[in-house]
Amino acid sequence: MREPSMETENGALTAATTTTTAVTSPPPMASSPRQALVERLKDYGQEDIFSLWDELSPDEKDFLVREVENLDLPRIDRIIRCSLHSQGLPVAAIEPVPENWVSTVDGRTMEDREKWWKMGLKTIYEGKLGVVLLSGGQGTRLGSSDPKGCFNIGLPSGKSLFQIQAERILCVQRLAAQVVSEGPIRPVTIHWYIMTSPFTDEATRKYFSSHKYFGLEPDQISFFQQGTLPCVTKDGKFIMETPFSLAKAPDGNGGVYAALKCSRLLEDMASRGIKYVDCYGVDNVLVRVADPTFLGYFIDKGAASAAKVVRKAYPQEQVGVFVRRGKGGPLTVVEYSELDQTMASAINQRTGRLQYCWSNVCLHMFTLDFLNQVATGLEKDSVYHLAEKKIPSMNGYTMGLKLEQFIFDSFPYAPSTALFEVLREEEFAPVKNVNGSNFDTPESARLLVLRLHTRWVIAAGGFLTHSVPLYATGVEVSPLCSYAGENLEAICRGRTFHAPCEISL
Ligand code: UTP
């Protein structure tokens, strides 16, 4: 069916078609933009997306044409084919991470910790640390229509994840300004790069501006968007969300590398003098954003990339773990499904602990140099992870595949990676699933925060009263008072707090 109005509106398409026709001998001239697109789509086996064309309104037709014009079909087709093809191919055997690649909690001395803390603060004072927040996920398991960062997990303060993280940045800035005595006293600024996706961008920006950036300077925050990819069926066909639009999803948290590069933010970092980049996921309430100790360790180690890890709680725990891929191969993360029962419960004879025990918790540090290299390397990698998820389609929710890169896909490109063990009860309180689920809920995260902060307050000489059992309550310490339990004596010693409550300045 011919749509003359569309033909004139879509100059770019007409021009492209004309050029092709002029240079090469026919394919026969397509009689409308829609037909031209159908011909192009046929090359990739995706022409079915026009199957309901005759039932669409003029606006819907226009929308669909623009949607398809904006797709980089050769790239998307390559990603779909390579990713589907790689499924079921034999993969190199895995090996445990060598013990000397990991800084364990037990292996660190008090001097190490103090040294790294000070090195980190000095580096932050010098403006060499940037922070990247991964906040483009759709948070489907949490079931909230707002971006995950806006979520209030029910702490006494009612603060959202974004607010807690912003206040941790404010706290580190203050600590860095105080601790460094050699340089001139001046305010310290940590630049915060917040990755959104088309699903979270507008709401995230509005949320920050309506909350006055939680006390941060508006110009110390840069929002940028990651890319999206069409969701596909198991045989690689695009899924339609409506008769005139494709179901799309963000391209995974590993989309951050390409997104930083495309948004020219790697250059922005360089122009600000940033050399190290802290990168983390939005959905961990205990995240130590811009952690000076981790930064100091990373610099001391001289690695190109690093990850915080926690010990697996039990052999069958469903978490990704760090391994080496192939004999002497690079570090990577494998899903729990890739470890069979025997491997998952294998014991290291020397330590008496699990051989594959280092869980990935999405807390990373990179040099800016490495980010520049990896953005180019990953671009050429067309094998994406296939996540089977519920996809909204014009026939209701259907099971389909999202194509994603993961943040840890960069590790095989790293000349050196260091792992840094942290205690899960101190740094990992994930918010993944709706309350009532078995684990990683807002409620479980809330309790983890209250328990940790209660321990801080008691260690600082404070007392608690409570009218509900202590295991179900506790106190919350504002990040504006303390980053990791330090400096609480002046506020807490000899005082009694009635839980639940927030201790703030
Ligand atoms: P998850 O893998 O838990 O995904 O993200 P999600 O989108 O938040 O939640 P579900 O799976 O739909 O329920 C881990 C971290 O990576 C970010 C998330 O925002 C979260 O901080 N992420 C995930 C992105 O930034 N982009 C993505 O494409 C996916």
Side-chain angles (χ1 to χ4, degrees), residues 79 83 131-151 153 160-162 164-166 192-201 203-205 207 222-231 247-260 262-263 265 277-289 307-308 318-320 333 335-337 359-364 378 384-392 397 399-410 427-442 444-445:
I79 290 172
S83 308
V131 173
V132 172
L133 165 59
L134 306 169
S135 185
Q138 290 171 293
T140 36
R141 286 169 288 168
L142 193 57
S144 161
S145 56
D146 291 331
K148 244 189 204 178
C150 305
F151 203 84
I153 63 160
S160 64
L161 300 173
F162 281 141
I164 292 169
Q165 292 163 24
W192 200 12
Y193 298 88
I194 299 183
M195 182 171 83
T196 62
S197 65
F199 305 91
T200 61
D201 189 71
T204 305
R205 288 172 194 258
Y207 188 74
S222 302
F223 297 95
F224 66 107
Q225 282 197 54
Q226 68 178 109
T228 58
L229 282 169
C231 302
K248 290 195 203 137
D251 55 3
N253 57 22
V256 67
Y257 302 106
L260 280 172
C262 294
S263 323
L265 289 175
V277 180
D278 178 34
C279 186
Y280 70 97
V282 71
D283 48 9
N284 172 6
V285 197
L286 286 178
V287 60
R288 291 191 184 172
V289 188
K308 285 187 175 175
Q318 298 190 351
V319 288
V333 175
E335 296 299 327
Y336 61 89
S337 49
S359 309
N360 173 40
V361 282
C362 198
L363 300 168
H364 302 292
L378 274 179
Y384 279 48
H385 303 267
L386 296 167
E388 197 172 356
K389 299 250 169 113
K390 271 197 220 159
I391 312 287
Y397 277 97
M399 287 314 280
L401 300 171
K402 289 186 182 177
L403 294 149
E404 298 185 335
Q405 280 186 323
F406 292 158
I407 186 82
F408 54 74
D409 290 339
S410 65
E427 301 202 29
F428 190 48
V431 182
K432 298 280 183 195
N433 302 308
V434 71
N435 272 336
S437 314
N438 291 338
F439 53 86
D440 298 348
T441 61
S444 63

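One-based numbering, in listed order, for ligands and for the atoms of each. Hydrogens, waters and symmetry mates are skipped; everything else that's a heavy atom, side chains included, is used. In this chain, numbering begins with 1 at the start of the sequence shown.
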Legend entry - Residue pair Leu133, Gln165: steps toward the side-chain contact (heavy atoms from CB on, under 4.5 Å) verdict: CA-CA 10 Å; Leu133 165 59; Gln165 292 163 24; 3.7 Å; yes

Inset, instruction - Drop me the distance from Cys279's SG to Tyr193's OH, to the nearest 0.5 angstrom. - result: 12.5 Å

Legend entry - Side-chain H-bond candidate by donor/acceptor type, Asp251 with Gln405, under 3.5 Å: no

Inset, instruction - Give, for atom CZ of Phe162 and atom OG of Ser135, the distance between the pair rounded to the nearest 0.5 Å. - result: 3.5 Å

Legend entry - Verdict with reasoning, Tyr280 to Val131, per side-chain contact (heavy atoms from CB on, under 4.5 Å): CA-CA 8 Å; Tyr280 70 97; Val131 173; 3.6 Å; yes

Inset, instruction - Heavy-atom cut-off of under 4.0 Å around ligand 1: list whichever protein residues fall inside it, by chain and number. - result: Leu134, Ser135, Gly136, Gly137, Gln138, Gly139, Thr140, Arg141, Lys148, Met195, Gln226, Pro250, Gly252, Asn253, Gly281, Val282, Asp283, Lys389, Lys432

Legend entry - Spatial distance of atom NZ (Lys308) from atom CG (Asn284) [nearest 0.5 Å]: 9.0 Å

